[in-house]
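Down below is the structure, laid out as structure tokens.
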Amino acid sequence: MALFRNGNGIAWARRRALVWALFALAFCAAMNIYHYSLQGARGLYLWDKTWLFRILILMGLLPLGLLALSLPLEKIKTKAPSKLLRGFSLVSSFLVSLASLGILAFLIAAPRMGELRKADLNLIDPSIKLESSSRLYDDQEMLLRLSVGSDAHWGTEKTDSNARSNILATIAENKPDLFFLLGDTVETGSSVSQWNAALSDLSAIVPKVPLRPLMGNHDALFGGQYLFKKAFFPEAFSSDSGSPYYYSIETKVATLVALNLPWGTENFDRKQRTWLEEVLKTADPLKPIIVFSHSYFYASGYDDPDLDKPWYDHYQNIPALTPIFERYGVDLVVSGHNHYMEFLEHNEVRYAIVGAMGSKSDPVPAHVSPASKWIAVATFGHVNINITKDYIVVEFKDQLGKTLHEERIRYLPSLESGSNERSPQA
Ligand SMILES: [Fe+2]
């Protein structure tokens, strides 16, 4: 009779531990599914291999694992070991549930707590045709003048804030038709104070410069896409793609295309791909096409011990996108993500890396891309892109505006007579 009662008691304790373990698994799964579904967060699951992040993904399995281990121990005479493991399972269920619900609450609440400061910025709505004023420069008529910077990383002491301010002042002085910020504007996207620091400096130094920021992987961290949109894509704005993260901008002189590639191709779904091909196919064949993105394509780099993948010649972006660029005659692709300035060329498409807006430089490249033509490591700066009647002039500038390197890209219209569509190249 006592044995029967004891057996029932074990079954009840086992059931109770199982129910709590399943709750913990469900809470952990809900937290990860919510996080994974956020714009720009998927890359973290693929690239980040720190033990802390892996624990967040796998901790939901711990209570069930401990309970499974206790089952064979129930058969031995001494009941203490199985009882102890069931106890550990219950405690871990409680801790995993608490951690999962806490992180879920943080992801939802952190970006929504605190007020974003009112910024005095000249943000450009991608759905409105960009006006440009031609100017003479070195006897060349500049039909469109762009400035591009990336990876300013407001919010970390690792960034050289003086260099960042110098670069912004140089850009303000240059008065470009459009200034692209290619992402990683802040270090941790969920931090309202970091966005406020960025908005404060941008409002103070480049209030009049037409500005169009893209979202980088750091901007999207832990719910940061909410603040990115709030800061840089007001509700009144729209785009040809319907997305605030990728779009084309019409100008008289060039086709400008912004892509949503915060880490790699995690967000490059069928919808973005179809839209991109349509934009490139129907682009005016007489105008150059310039593509902007946060993550790079061809690039020199290194192996980061915290990351699961090589940080050079992008293993996702190259096969997924460069054949499209080559097919439709994209002239220049400008990206950040790498904290260098680099110029590369592959199959007649030119690539510029400009992730040097004050953020800590990446180490000297252990891998030099075969496509690399010029690189500046540990040098802060930005790029000016001036479009003339025949050339795209790319000027790599240091933080005080001195030209470090210049490239002239002759853009060759791929006209097919009688056709208003850009003819794909074989
Ligand atoms: Fe960065």
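Counting starts at 1 for both ligands and their atoms, following the listed order. Counting from 1, the numbers follow the sequence of the chain as shown. Everything numeric here is computed off the predicted structure, so don't read it as measured data.
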Practice task
Output yes when E277 and R327 qualify as a salt bridge under the 4.0 Å nitrogen-oxygen rule, no when they do not.
Solution key: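 Yes, E277 and R327 are salt-bridged.
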
Exercise for the section: Salt-bridge test for E406 and R408: reply yes if a basic N is under 4.0 Å from a carboxylate O, no otherwise. Expected result: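 Looking at R408 together with E406, the answer is yes, because their closest N to O distance falls below 4.0 Å.
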
Fill in the blank from the handout: The N/O/S atom of D151 lying closest to the Fe ion (ligand 1) is OD2

Exercise for the section: For the Fe ion (ligand 1), find the closest N/O/S atom on D184 and give its atom name. Expected result: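 That would be atom OD2.
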
Problem - Aromatic F343 / basic R350 pairing, under 6.0 angstrom, 45° off normal - result: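 Judged by the rule (NZ or CZ under 6.0 Å from the ring centre, within 45° of its axis), R350 is not positioned above F343.
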
Handout entry: Charged tip of R410 within 45° of Y391 ring normal and under 6.0 Å
Key =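 Pair R410/Y391 counts as cation-pi.
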
Handout entry: H153 N/O/S atom closer than 2.8 Å to the Fe ion (ligand 1)
Key = yes

Problem - Any N, O or S atom of H339 closer than 2.8 Å to the Fe ion (ligand 1) - result: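 True for H339.
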
